[in-house]
Amino acid sequence: MDQPESSFRDNVYAIVAGIPAGKVMTYGQIAALSGHPRAARQVGQIAHFGPSDLPWWRVVNKQGGLAGAYTNGGRTEHKRALVADGVVVDDEYKVKVGEILWWPVE
DNA sequence: CGAATGACCAAGC
DNA sequence: GGCTTGGCCATTC
């Protein structure tokens, strides 16, 4: 392909696609692992405009809060998808930080 | 191609 | 504790 293989976008795809069911990751974490520790916003853009083949519902913010602009219908469906995957949700629309999957850094 | 937007994060007041 | 600012860069108009 014409694109460089180590694109920020491509890395995000691989990471999000690699999130196991029952776990969630944060935008900042994904961005950092993609090579841009401050590009958490782009993860959100990719999530919105990017491919829908990836489990974006397993992606939450640093507070464990769900995305308010979830393409499927908002936090309602987002939370529902998480619970369906086996993720523990504390409040109506928040996930425990302890349930977040942290990648093997260092 | 340029400007605007944005599903975030961290620091400052 | 909540609002404001700066930063990142892909997607859209």
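Quick note on labels: first sequence line is chain A, next is B, and so on, each numbered from 1. Only a predicted model underlies this, so the values are computations on that prediction, with no experimental measurement involved. The analysis underlying the following values was restricted to heavy atoms, covering all of them including side chains, and did not include hydrogens, waters or symmetry mates.
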For A:H36 and C:dC9, is the shortest distance between a side-chain N/O and OP1 or OP2 below 4.0 Å? yes
Rounded to whole Å, the OH-P distance (A:Y27 to C:dC9) equals 19 Å
With the side chain of A:Q42 defined as its heavy atoms from C-beta on, choose the nearest nucleotide among B:dA7, C:dT11, C:dC9. C:dC9
Around atom NZ of A:K23, are there more than 12 heavy atoms of other residues, nucleotides or ligands at under 6.0 Å? yes
Atom NE2 of A:H78 to atom P of B:dA7: distance rounded to whole Å? 13 Å
Counting the atoms with a prime plus P, OP1 and OP2 as sugar-phosphate, which does A:A47 contact under 4.0 Å by heavy atoms, base, sugar-phosphate, or nothing? base
Whole-Å distance between B:dA7 P and A:L54 CG? 18 Å
Round to the nearest Å and state the distance from A:H48 atom NE2 to C:dT11 atom P. 12 Å
Name the residue closer to the 5' end of DNA chain B, choosing between A:Q45 and A:T26 according to the nucleotide with the nearest heavy atom. A:Q45
Using heavy-atom distances to pick each residue's nearest nucleotide on DNA chain C, tell me which of A:F49 and A:A39 is more 5'. A:A39
Rounded distance (Å) that lies between atom C1' of B:dT5 and atom CZ of A:R41: 8 Å
Quick check: does any side chain N or O of A:H78 sit under 3.5 Å from a backbone N or O of A:W57, one acting as donor and the other as acceptor? yes
Which value, rounded to the nearest 0.5 Å, describes the distance between A:R75 atom CZ and A:L66 atom CG? 8.5 Å
In short, A:M25 meets A:I100 closest at the heavy-atom pair CA-CG2, 4.1 Å
A:A40 has a side chain; which of B:dC9, B:dA7, B:dG6 sits nearest to it? B:dC9
Find the distance A:Q63:CD to C:dG1:P and express it as a whole number of Å. 11 Å
Under 4.0 Å between a side-chain N or O of A:R38 and OP1 or OP2 of C:dC9? no
Nearest-angstrom distance from the residue atom CG of A:L82 to P of B:dA7: 18 Å
For the backbone of A:P51 and the side chain of A:W56, can you confirm whether one donor and one acceptor N or O come within less than 3.5 Å of each other? yes
Could you tell me how far apart A:N61 (CG) and B:dA10 (P) are, to the nearest whole angstrom? 10 Å
